[in-house]
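Notes for the one structure printed next.
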Amino acid sequence: GVGFGDLGELERIEVLKGPQGTLFGKNTSAGVINVRTVGPQFDFGGALETYAALVKLAPKSAAAQLRLARVHVLQKNYAAATHDLKRAVALEPGYMPARLAQVELAARNGKLDDAMAMARQMQSQMPKSPVGFSVEGDLHMQMQRPAQALAGYEKALTLGKSPNLLVKVADTMKRMGKAKEAEQRVTQWAKANPSDGAVQLYLAEIHMSNKQYKPAAELLQGLLKQKP
């Protein structure tokens, strides 16, 4: 058996009286002694030291700057993270993970106007990429502006057709009270792309929410045949 000394550092011991079958199984009619151990701890100091050293070894690496920024975010040192991300983008303007991290950090700190400016800068610098327009749509949704969000998503979808963008378009349309039009768009896509499992599943969920169980079942059966 396992003794308390084998469990590592304990966080707390809970004594739960009465039947606990729902959470802990059938053999707990009299109650449970629930032992909780301390979870693994992230070594912020060690991680910061490691990635700071990496940046020194590879001062022209945007990826190294991004990793350092992520540690600073975990430490809630947002000023340092902002500096790291600016450096990453300056080193490699087309490095999309750093650009997206910049937008996310600005939005997290409530600087939505700054985040929107970054999204539009991406659009200007990479006009054939859907990413900047999709990010603009996400920010508009965060600001409760579904009509503007839809315009961003639609533009992104014209630049890069993807199931993820289609779902964003459809979700936004439904939020605007255009559920029927959204279903039509998804149905058209599903017919044109029968092997697109993500959209087929999304359409099945639409059917189930509308209590259209037969077409939902047919779609799900088709998916099982594709990926048994």
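Panel note: side chain T82, backbone Y78; a donor-acceptor pair is recorded below 3.5 Å. S209 contributes a side-chain N or O that, together with a main-chain N or O of I206, makes up a donor-acceptor pair within less than 3.5 Å. Counting only distance, with no hydrogens or angles, the side chain of T158 and the backbone of K155 share a donor-acceptor pair below 3.5 Å.
Here L166 contributes atom CG and E154 contributes atom CD; the two are 9.0 Å apart, rounded to the nearest 0.5 Å. The line from CE of M173 to NZ of K180 is 12.5 Å long, rounded to the nearest 0.5 Å. Within the model, atoms NZ of K60 and CZ of R87 stand 9.0 Å from one another, a figure rounded to the nearest 0.5 Å. Taking CG of L157 as the reference point, atom OG of S134 lies at 10.0 Å (rounded to 0.5 Å). Residue L220 holds its CG atom at 13.0 Å from OH of Y213, rounded to the nearest 0.5 Å. Distance check: D196 CG to Y202 OH gives 13.0 Å after rounding to the nearest 0.5 Å.
Taking both residues in full, the closest heavy atoms of P93 and A90 are given as CD-O, 4.1 Å, listed atom of the first, atom of the second, then distance. Looking at every heavy atom in both residues, M141 comes nearest to P146 through SD-CA, 3.9 Å. Nearest heavy atoms, A62 versus L91: N-CD1, 4.1 Å. Taking all atoms of both residues into account, the shortest heavy-atom contact from A198 to P163 is CB-CB, 4.3 Å. For the residue pair V73 and A81, the shortest heavy atom distance occurs at CG2-CB, 3.6 Å. In this structure, A216 and M208 approach most closely via the heavy-atom pair CB-CG, 3.5 Å.
The side-chain heavy atoms of V167 and W189, taken from C-beta on, include no pair separated by under 4.5 Å. Taking the side chain as every heavy atom from C-beta outward, M143 and Q148 never approach each other to under 4.5 Å. Side-chain contact between Q121 and R99 is present, with at least one heavy-atom pair separated by less than 4.5 Å. Side-chain atoms of Q65 and L85, non-hydrogen and from C-beta on, never get closer than 4.5 Å to each other. With a 4.5 Å cut-off on side-chain heavy atoms, L139 and V103 count as touching. T50 is not listed as a side-chain neighbour of V71, based on a closest heavy-atom distance of 4.5 Å or more.
Scored by the side chain to side chain contact (heavy atoms under 4.5 Å, CB included) test, T187 finds E183, K191, L203 as partners (sequence neighbours excluded). Residues passing the salt bridge (Lys or Arg N to Asp or Glu O under 4.0 Å) test with D171 are K174, sequence neighbours excluded.
The hydrophobic clustering, which links ILVMFWY residues whose side-chain heavy atoms are closer than 4.5 Å, places M96 and L165 apart. Under a hydrophobic clustering in which Ile, Leu, Val, Met, Phe, Trp and Tyr are joined whenever their side-chain heavy atoms come within less than 4.5 Å, directly or via other members, L159 and Y153 fall into different clusters. F133 and L100 are members of different hydrophobic clusters when ILVMFWY side chains are connected at heavy-atom separations under 4.5 Å. Under the 4.5 Å side-chain contact rule for hydrophobic residues, Y95 and V55 do not share a cluster. With hydrophobic clusters built from ILVMFWY side chains whose heavy atoms lie under 4.5 angstrom apart, L112 shares a cluster with V131.
A side-chain donor-acceptor contact under 3.5 Å links H207 and Q212. Side-chain contact, R175 with Q144: a donor N or O sits under 3.5 Å from an acceptor N or O.
Among the candidates R70, Q102, R67, H72, the single residue satisfying the side chain to side chain donor-acceptor pair (under 3.5 Å) test with D84 is H72.
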Apply the test salt bridge (charged side-chain N to carboxylate O under 4.0 Å, His left out) to residues R185 and E181: give CA-CA distance (whole Å), side-chain angles for both, the deciding distance (0.1 Å), then the verdict. CA-CA 6 Å; R185 289 283 295 275; E181 294 93 325; over 6 Å; no
Residue pair V199, N193: steps toward the side-chain contact (heavy atoms from CB on, under 4.5 Å) verdict: CA-CA 9 Å; V199 172; N193 303 276; over 6 Å; no
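Legend: salt bridge (charged side-chain N to carboxylate O under 4.0 Å, His left out) pairs involving residues 130-143, not counting sequence neighbours, sorted by first then second residue: R120-E136, D138-K168.
Summarising the local packing, CG of N109 is surrounded by more than 12 heavy atoms from other residues, nucleotides or ligands at distances under 6.0 Å.
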